[in-house]
Structures are given as structure tokens and as C-alpha cells.
There are 2 protein chains.
Amino acid sequence: MPTQVAITHGEVLEDSRGYLYDAAMRRAIIEMGGSRSADVLEALGALRLAAKLIHDASDRFAERHGLSDSRARVLTRLDRSPKRRLPLGALAEGLSVAPRTMTDIVDVLERDGLVKRIADPADGRSVLAEITPAGKAKINTIRRDATARQAAVAKDFTADQLVELRHLSLMLVQNLRGR
Amino acid sequence: MPTQVAITHGEVLEDSRGYLYDAAMRRAIIEMGGSRSADVLEALGALRLAAKLIHDASDRFAERHGLSDSRARVLTRLDRSPKRRLPLGALAEGLSVAPRTMTDIVDVLERDGLVKRIADPADGRSVLAEITPAGKAKINTIRRDATARQAAVAKDFTADQLVELRHLSLMLVQNLRGR
DNA sequence: TTGGCATAGTGAGGTGCCTCACTATAGGGA
DNA sequence: TCCCTATAGTGAGGCACCTCACTATGCCAA
């Protein structure tokens, strides 16, 4: 799942007011009349690029421990859950992926001995993923380091900027989920 | 490539200062001492969620025209390029994906008759993807609508908010690319 | 009680994404 | 000229992601 790729393109520059922009992206966005559309596309493009780089970095980190970003997230959720086990459907919802995808992720985790599938005594349709001792050991080994790395990515952000980034992102989430 | 999934979870709420936050995400992030780390994780989580929903929506839209988000982006770049053709490597860099991935994407586009691989007369190693008339027709049919849809996602954003979102995203990009 | 619908998970099949290994061509020295 | 290294693309293999179809179970209403 790693990515190292090293895309050299996409120079990030500063405009006259001190705001960053991506030169290649701006060039790529045809100047459509109002430029309002262009501003939106630039912002969304920047957000998507940031998300991809975050994902790549997270995957590369997890891969050094024999995990992937998704598998690490599943283990984290299981380890934090009271009974150390959750139905696949709940895990899928928590990671915002389709149920079928969680089947694939748990397949790999189970093959690697990090989780075990068990029947749900309360619902015959449901399958619970239960974290194994090996899974617990693995996730505890990397958790602290993983958190520190994530936090370091935003080391030059003020508290207000973090709030603003979250707020603007969730405005988009609302627009995309609503309606 | 579509996604309709309809994740119902992840309620987006407003805090006392009017800033949005995701209740489930906040609950999921263990209160680590300083809470600075928690704030970062919340912001990054929100950004990644927004990016995923944007991608899903884009894919679902493209799928209605027999494309995917990635394939539409490749066609757009080819159609905008002066000679209507670009080497696979340049396309990969433009989309921030590994070269191998572009081979896969062009395979599908070529199978569908939307691009054609041609030898690069100037470099025997290079392979150019050239958009076909069918590819041009396809991308021109959806371009205007696609732009409008993307723009609508941020319809309640002020111009300043768009700039701020771009700026904060690119700060992350710099941190992730630098070093 | 039983039929009918909703829900949980998986098999089949396909794209997007990656790494690693390999081929082939380019290009700069010695 | 001849290597030696760098670059461009692809084959092989593998995970993450999806839709669609199907099974099995749960559940409600008649």
C-alpha cells in the first residue's frame, strides 16, 4: 500500500497576499469567466491533493509494520471498543466504506492472525471481528508513534487554523451528504 | 467506481462557537492529554472524509457517462493539451499517481476507444496517449456539467473561505512533500 | 404462524492504486 | 566506441474499493 512516488511537479507558491497556491493546478484550470468556479476547483483540488498525500504517508508508515492505513484503523477501533469486538457493518460505517470492502479488509487481518471472526450470539446474521492478542500487541506498538506523526504534519498550524480546516471540511461534508 | 453507500453515521454538529465538528469522530479520538494532538487528528479526519465524499460523488457522476474520476481527468488533460496527446509519465505526474497506475487507466481508456497509444517520435522509450474523436466528444459532453457540479458543492462558501481552504490544504501538502 | 420485507455478510467480477522486476531506449563520460 | 546509469513503460502480484447478486437470518404484520 505504500506510495513513495515522489511527484516532483505541482509547485506550491505564495501569492501577493501570502496565500499558497499550486502553480500547475492553477494553470490546468481554464479561466472560466466568473473565476468563481475556478476558485472552487482550485480549493477542492488542493484539498484532494492534501488528502492523497496524507493517505500515502499513513499507508507508508503502516506498511513498515505490516499493516495498511485501513487495517490500522480497524485495529484501532477494535482495540478501543469495550468488548474488543465489533460487527463488520459497524466497522464499515466507521471507516466510511462499503460493507463489502470491510469483508476484504477483515479477510487480510484474519489471515495475518490479527483479528478473528466470531458469530454474534445476539444476531445470527451478524459477524463480529474480534482483535487477537497479536493484533493488540501490534496496534499498541505503533499507536503512540502514529499519533505523533500525524500531529507533526500540522506542526505549523495555529489552533485557529486547525478549527478552520475542520470547519470548512465539514461544510463540504454536509453539502455532499445532505440532499 | 460509484459509491452510493449512504453512510448514515458521523453526525456533523455545531459547537458553542458555531464551528462544525463530527460527533462520532470526536468520540473516537481518545482524549490525549494536551488535546493538541486530538485537534490535529480531528482536522485531518474531517479533511480526509471530505476528500472521500468528493471523490465518491465525482466517481458516481463520471460513471453515468461510462467514465471514472481518474479517466475523466486524463481525458480533460489530453483534450486541453496543444497536440491532444501526452506521454503516460506526464499524465501520471499530473494526477499524482504512480506511473504503473497510468498504464492501467490508459488500458481501460484505450479498450473503450477514447484514447490511442502512439509511439513518441522524439523518444523511443516514451508512449503517448492521444485522445480520439470519441474521447473528445465524450469529455466535451460532460465538461460543463461536471464543473457546475463541483462548484455547487461549495455554494455556501465565501471567497475568503475558498482561499483559506486552499491555503491550509497546501500547507499540509508542503509539510508532506518537504523534508 | 406465516409470508414478505429488511438487514448482514459474502461470492463474483472489475477498476484504481501500489511495489518490484524486467525490457528497451537515451545519454553522458572514459 | 562502449559502458554505465538513468528513464519510460509494462508484466506479475496484491490490497482497497466498488456494484450486483445471492444466502441466511431477523422481524413485523396479517
Side-chain angles (χ1 to χ4, degrees), chain A residues 1-8 48 51-53 55-60 62-64 66-74 86-93 95-112 114 117-129, chain B residues 1-8 48 51-53 55-60 62-64 66-74 86-93 95-112 114 117-129:
Chain A
M1 273 100 280
T3 307
Q4 67 161 306
V5 181
I7 304 293
T8 46
R48 292 182 70 174
K52 182 178 194 332
L53 295 185
H55 177 268
D56 287 351
S58 176
D59 240 6
R60 204 159 50 244
E63 205 269 343
R64 273 187 266 134
L67 291 176
S68 66
D69 178 66
S70 296
R71 277 172 284 162
R73 284 162 77 174
V74 167
L86 289 171
L88 299 204
L91 286 168
E93 191 170 318
L95 266 69
S96 295
V97 298
R100 188 60 182 78
T101 298
M102 191 49 60
T103 294
D104 286 337
I105 294 171
V106 170
D107 280 349
V108 176
L109 285 169
E110 190 167 32
R111 182 204 61 193
D112 293 345
L114 304 176
R117 276 184 170 85
I118 60 177
D120 186 334
D123 186 339
R125 298 166 300 177
S126 177
V127 174
L128 303 176
Chain B
M1 270 104 286
T3 307
Q4 66 162 304
V5 182
I7 306 294
T8 46
R48 291 182 70 174
K52 182 177 194 331
L53 296 186
H55 176 269
D56 287 352
S58 177
D59 241 5
R60 203 159 51 246
E63 206 268 343
R64 271 186 268 134
L67 291 175
S68 67
D69 179 66
S70 297
R71 278 173 286 165
R73 284 162 78 170
V74 167
L86 288 171
L88 298 203
L91 286 168
E93 193 169 316
L95 266 69
S96 295
V97 298
R100 188 61 182 78
T101 298
M102 192 48 61
T103 294
D104 286 337
I105 294 171
V106 170
D107 280 349
V108 176
L109 285 169
E110 190 168 32
R111 183 203 61 193
D112 293 346
L114 304 177
R117 277 184 169 86
I118 60 179
D120 187 335
D123 186 338
R125 297 166 301 179
S126 177
V127 173
L128 304 176

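Letters A, B, ... are given to chains in the order of the sequence lines, protein chains preceding strands, and every chain is numbered from 1.
Base engagement by B:T101 is indicated by at least one non-hydrogen atom pair under 4.0 Å involving a base atom. Within 4.0 Å (heavy atoms only), A:R117 reaches sugar-phosphate atoms of the nucleic acid but no base atom.
Distance check: A:R71 CZ to A:L95 CG gives 12.5 Å after rounding to the nearest 0.5 Å. With values rounded to the nearest 0.5 angstrom, B:H55 atom NE2 is found 11.5 Å from B:L53 atom CG. Summarising the geometry, atom CG belonging to A:L114 is positioned 5.5 Å from atom CG belonging to A:L109; distances are rounded to the nearest 0.5 Å.
In terms of polar N and O atoms assigned as donor or acceptor, the side chain of A:R100 comes within less than 3.5 Å of the base of C:dG11 in a complementary pairing. Applying the 3.5 Å distance criterion, the base of D:dC15 shares no donor-acceptor pair with the side chain of A:D104.
Atoms CG (B:D59) and P (C:dG16) sit 8 Å apart, rounded to a whole Å. To the nearest angstrom, P of C:dT10 lies 11 Å from CG of A:L128. Look at CG on A:L67: it is 18 Å from P on D:dG14, rounded to the nearest Å. We find that CG of B:L91 is positioned 13 Å from P of D:dA8, with the value rounded to whole Å. Computed from coordinates, the B:H55 NE2 to D:dC18 P distance equals 10 Å when rounded to whole Å. Between B:L86 atom CG and D:dA8 atom P the separation is 14 Å, expressed in whole Å. A straight line from CG of B:D69 to P of D:dA16 spans 21 Å, rounded to a whole angstrom. Per the geometry, CD1 belonging to A:I118 stands 17 Å off P belonging to C:dA8, to the nearest Å.
Considering only side-chain atoms of A:S68, the nucleotide from D:dA16, D:dT10, C:dG9 that sits closest is D:dA16. Of the candidate nucleotides C:dT19, D:dG9, D:dC15, D:dG9 has the atom lying nearest to any side-chain atom of B:V127. Out of C:dC18, D:dT10, D:dC18, the shortest distance to the side chain of A:K52 is found at C:dC18.
Put simply, the side chain of A:D59 gets close to the backbone of A:D69: a donor and an acceptor are under 3.5 Å apart.
Distances shown here put a side-chain N or O of B:S70 below 4.0 Å from the OP1 or OP2 atom of C:dC17. Residue A:R60 places no side-chain N or O under 4.0 Å from the OP1 or OP2 atom of C:dC18. Residue B:S126 places none of its side-chain N or O atoms closer than 4.0 Å to OP1 or OP2 of C:dT25. Contact between the side-chain N/O atoms of A:T103 and the OP1/OP2 oxygens of C:dT10 is found at a separation under 4.0 Å.
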Audit row: B:R73, B:L67, side chain to side chain contact (heavy atoms under 4.5 Å, CB included) steps and yes/no
CA-CA 10 Å; B:R73 284 162 78 170; B:L67 291 175; over 6 Å; no
Before giving the answer on salt bridge (charged side-chain N to carboxylate O under 4.0 Å, His left out), spell out for B:D56 and B:K52 the whole-Å C-alpha distance, their side-chain angles and the decisive distance to 0.1 Å.
CA-CA 6 Å; B:D56 287 352; B:K52 182 177 194 331; 3.1 Å; yes
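Helix bend of the helix from C:dT1-D:dA30 to C:dA30-D:dT1: the angle between its two end axes, each built from five pairs, comes to 10° after rounding to 10°.
In this structure, B:S126 and B:D120 approach most closely via the heavy-atom pair OG-OD2, 3.3 Å. Pairing each heavy atom of A:A119 with each of A:L128, the nearest pair is O-CD1, 4.2 Å. Nearest heavy-atom pair across A:L88 and A:A129 is CD2-CB, 3.8 Å.
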When you compare the protein's N or O atoms with those of nucleotides 24-26 of chain D, which come within less than 3.5 Å of each other, and at what distance?
unit_1: D:dT25; atom_1: O3'; unit_2: A:G124; atom_2: N; d: 3.4
unit_1: D:dG26; atom_1: OP1; unit_2: A:G124; atom_2: N; d: 2.8
unit_1: D:dG26; atom_1: O4'; unit_2: A:R125; atom_2: NE; d: 3.4

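Mapping A:I105 and B:P87 onto DNA chain D by nearest heavy atom places B:P87 closer to the 5' end of the strand.
Looking at B:D107 and B:R117, a side-chain N of the basic residue comes within less than 4.0 Å of a carboxylate O on the acidic one, giving a salt bridge.
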